[in-house]
Amino acid sequence: MDKLIIHGGQRLEGTVRISGAKNAALALIPAALLAPGKNLITNTPKIKDVKTMSRLLEAMGAHCMFEGENLLIDSSGVNSFEAPYEHVKQMRASINVLGPLLARFGEARVSLPGGCAFGPRPVDLHLKGFEKLGAEITIENGYIHAVAKELKGNRIHFDISSVGATENVLTAAVKAKGTTIMTNAAMEPEVTALAEMLVKMGAKIDGIGTTTLTIEGVDELHPVEFANIPDRIEAATFLIAAAMSRGDVMLENVYPGHLDAVIAKMEEAGVQLDIQENRIRVKMDGIPNPTDITTAVYPGFPTDVQAQWIAFMLCTNGASKITDTIYHTRFHHVPELQRLGAHIEMAENSAIVFGGHPLTGATVMSSDLRASASLLISALIAEGRSEVLRVYHIDRGYEEIEKKFSQLGAKIERVKTEEF
Ligand code: EPZ
């Protein structure tokens, strides 16, 4: 078990390179199951969730190996359509293998994913989509068992916009006979990246980047090399951390077009942003303006940046309202931030953040990936020493986070601990 020891108060300055997108990689890697042979996904982050997904594919007979920042996935040897509980319990996104297995083998047995720190995380939209494509779904002994002698195209409307359900059903629809029209599909950049990789493999998809995807099924898909997109959530985390420290930081390997909502809100808060083609320079002098946000599906303000925004609003001199409409209980970071001296009141799925109260160092506990990030960036500006426990949550989604912050001037180190 590791923990991070942080001495707050350092101004962040310099350049940081943003890694490839975790949430895109967790859709692109399973899709390699659709194209037997050597697939290469470049700009893949070396993070725990990618290792977990790679191990799951290897348990099915694939071979996954990093070559520098590129992940080679040889899916020719896949000989099983089962995703065992011991893998799926580690990461909900494991369910993304269901669509590709169904399309390749006509059958899949995938353990039902559990919940997570901020909610039940149902998969009903995934299963309804597969049934629409002609699969028979049964749930037995904690496993989803899907069988489809032949997948047939159909019209599929998602009651609510779901990133995972859109990705999973799309990877089955690309090999379904005939036409599939998916409406109210998610249009997050990670979904678009998956659709673009499938097209490169030989799939026929129209409407990419919109909420209506039209797919003409094909018989075969071929292995490809595909460039993963930069991680917009990691980028937002570093933009906010730099502004909180009143620093001056250049982010490299970012797509500003994936960050419109975050950029707009940061400018509303008074942050100076110099937007370039694949770099963003962030500077902050003085005190940020209190700025309300409400999370929404893309291109709205991302729920994955909600916790970090609460941390940022602690630096203002006024009150801000942060509402999460995607996950109503994704606020486990609030009591931990209060340990650092934050004044926050909860009202249903909103946090009212009162700035003007300087933070002081404390020991805090990570509960989930983005909550941990908000604790870390708050500790970076808290006066004195802080410890962030259960760093394995952060390692799921951020590559070498303490090295990246150290290079920007933060006083942060990782130590082994028996503490849990
Ligand atoms: C993806 O999760 C991301 N994870 C999450 O990022 C992100 O918070 C989420 O999308 C929303 O943007 C990955 O891409 C691996 P959803 P996903 O299906 O696909 C409900 C992070 O920190 N829903 O878009 O699981 C669901 O409960 C992680 O990187 C159903 O009701 O999210 C939620 O309220 C955390 N039934 C809403 O839809 C379903 O079948 C959106 O969830 C599926 C989802």
Side-chain angles (χ1 to χ4, degrees), residues 19-31 45 47-50 52-53 56 88 90-99 110 112-132 137 139 144 156-171 182 184-194 211 228-229 231-237 258 261-262 295-309 324-333 349 366-374 393-399:
S19 299
K22 163 179 94 80
N23 289 346
L26 296 179
L28 302 175
I29 296 168
I47 53 177
K48 194 156 166 259
D49 276 9
V50 165
T52 300
M53 186 65 88
L56 172 56
V88 179
Q90 296 179 47
M91 181 183 64
R92 162 189 171 74
S94 306
I95 194 169
N96 282 352
V97 301
L98 211 165
V110 177
L112 267 173
C116 74
F118 49 82
R121 308 291 293 276
V123 292
D124 56 309
L125 299 173
H126 298 238
L127 304 184
K128 280 180 197 159
F130 293 129
E131 286 174 333
K132 279 280 194 182
I137 305 275
I139 308 280
I144 302 161
I156 299 170
H157 179 79
F158 292 100
D159 296 347
I160 55 174
S161 175
S162 160
V163 171
T166 302
E167 292 167 344
N168 221 350
V169 175
L170 178 61
T171 52
M182 295 163 70
N184 198 25
M187 51 181 277
E188 270 68 1
E190 295 75 28
V191 176
T192 294
L194 171 65
T211 58
N228 184 18
I229 57 174
D231 196 311
R232 61 193 171 105
I233 307 302
E234 183 192 21
T237 305
H258 289 166
V262 172
T295 67
V297 298
Y298 194 84
F301 194 96
T303 172
D304 293 349
V305 183
Q306 174 259 101
Q308 300 91 314
W309 194 262
D324 200 325
T325 65
I326 308 294
Y327 297 111
H328 292 191
T329 58
R330 191 180 192 171
F331 293 98
H332 293 274
H333 37 287
N349 60 322
S366 302
S367 54
D368 60 84
L369 170 57
R370 308 304 174 181
S372 316
S374 80
H393 287 294
I394 298 182
D395 294 338
R396 291 192 52 179
Y398 290 94
E399 191 175 18

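As the structure lists them, so they are numbered: ligands from 1, and atoms in each ligand from 1. The analysis underlying the following values was restricted to heavy atoms, covering all of them including side chains, and did not include hydrogens, waters or symmetry mates.
- The heavy atom nearest to atom 44 (C) of ligand 1, considering only S162, A21, S94, is found in S162.
- No side-chain heavy atom of K48 sits under 4.5 Å from any side-chain heavy atom of M91.
- In this structure, I326 and V297 have side chains that are in contact, with non-hydrogen atoms separated by less than 4.5 Å.
- Nearest residue to atom 7 (C) of ligand 1 from D304, D324, V297 is D304 (criterion: closest heavy atom).
- With contacts defined as side-chain heavy-atom distances shorter than 4.5 Å, the pair T171/N96 does not qualify.
- Residue contacts with ligand 1 include R370, since one or more of its heavy atoms lies under 4.0 Å from the ligand.
- For a threshold of 3.5 Å applied to N or O pairs, the pair formed by L369 and ligand 1 contains no separation below that value.
- Distances shorter than 4.0 angstrom do not occur between any heavy atom of M91 and any atom of ligand 1.
- Looking at heavy atoms from C-beta onward, V97 lies in side-chain contact with M53 at the 4.5 angstrom threshold.
- Here R330 pairs with D304 in a salt bridge; the nearest charged N to carboxylate O distance falls below 4.0 Å.
- Close approach of ligand 1 to G164 is summarised as follows: ligand atoms under 4.0 Å from at least one heavy atom of the residue are 18 (O), 19 (O).
- Inclusion of Y327 in the set of residues having an N or O under 3.5 Å from an N or O of ligand 1 is warranted.
- Shortest non-hydrogen contact noted between I95 and P113 is CD1-CD, 4.0 Å.
- Within ligand 1, the atoms closer than 4.0 Å to a non-hydrogen atom of R330 are 8 (O), 22 (O), 35 (C), numbered from 1 in the order shown.
- Between the CG atom of N23 and the CD atom of E167 there is a distance of 8.0 Å, given to the nearest 0.5 Å.
- Residue contact annotation: K128 has no non-hydrogen atom under 4.0 Å from ligand 1.
- Among I160, T325, D159, T295, the residue whose heavy atom sits closest to atom 23 (N) of ligand 1 is I160.
- Residue V163 places at least one N or O, backbone or side chain, under 3.5 Å from an N or O of ligand 1.
- Heavy atoms of G397 stay at 4.0 angstrom or farther from ligand 1.
- For A165, no nitrogen or oxygen atom sits less than 3.5 Å from a nitrogen or oxygen atom of ligand 1, counting backbone and side chain alike.
- Side-chain contact check for S161 versus T211: every heavy-atom pair is 4.5 Å or farther apart.
- Annotation for ligand 1: atoms under 4.0 Å from non-hydrogen atoms of K22 are 21 (C), 29 (O).
- Proximity of R92 to V123: side-chain heavy atoms (C-beta onward) are separated by under 4.5 Å at one or more points.
- Each of the following atoms of ligand 1 lies closer than 4.0 Å to a heavy atom of H126: 40 (O).
- The side chain of R92, and not its backbone, has at least one atom closer than 4.0 Å to an atom of ligand 1 (non-hydrogen atoms only; side chain from C-beta on).
- Considering only heavy atoms from C-beta on, H126 stays 4.5 Å or farther from F158 through its side chain.
- Atom numbering of ligand 1 starts at 1 in the shown order; those under 4.0 Å from a heavy atom of V123 are 39 (C), 40 (O).
- For D124, a nitrogen or oxygen atom sits less than 3.5 Å from a nitrogen or oxygen atom of ligand 1, counting backbone and side chain alike.
- Checked against a 3.5 angstrom limit, the closest N/O atoms of T303 and ligand 1 fall outside it.
- The residues K22 and D231 are annotated as not salt-bridged, no charged nitrogen and carboxylate oxygen being separated by less than 4.0 angstrom.
- In this structure, T237 and V305 have side chains that are not in contact, with every pair of non-hydrogen atoms separated by 4.5 Å or more.
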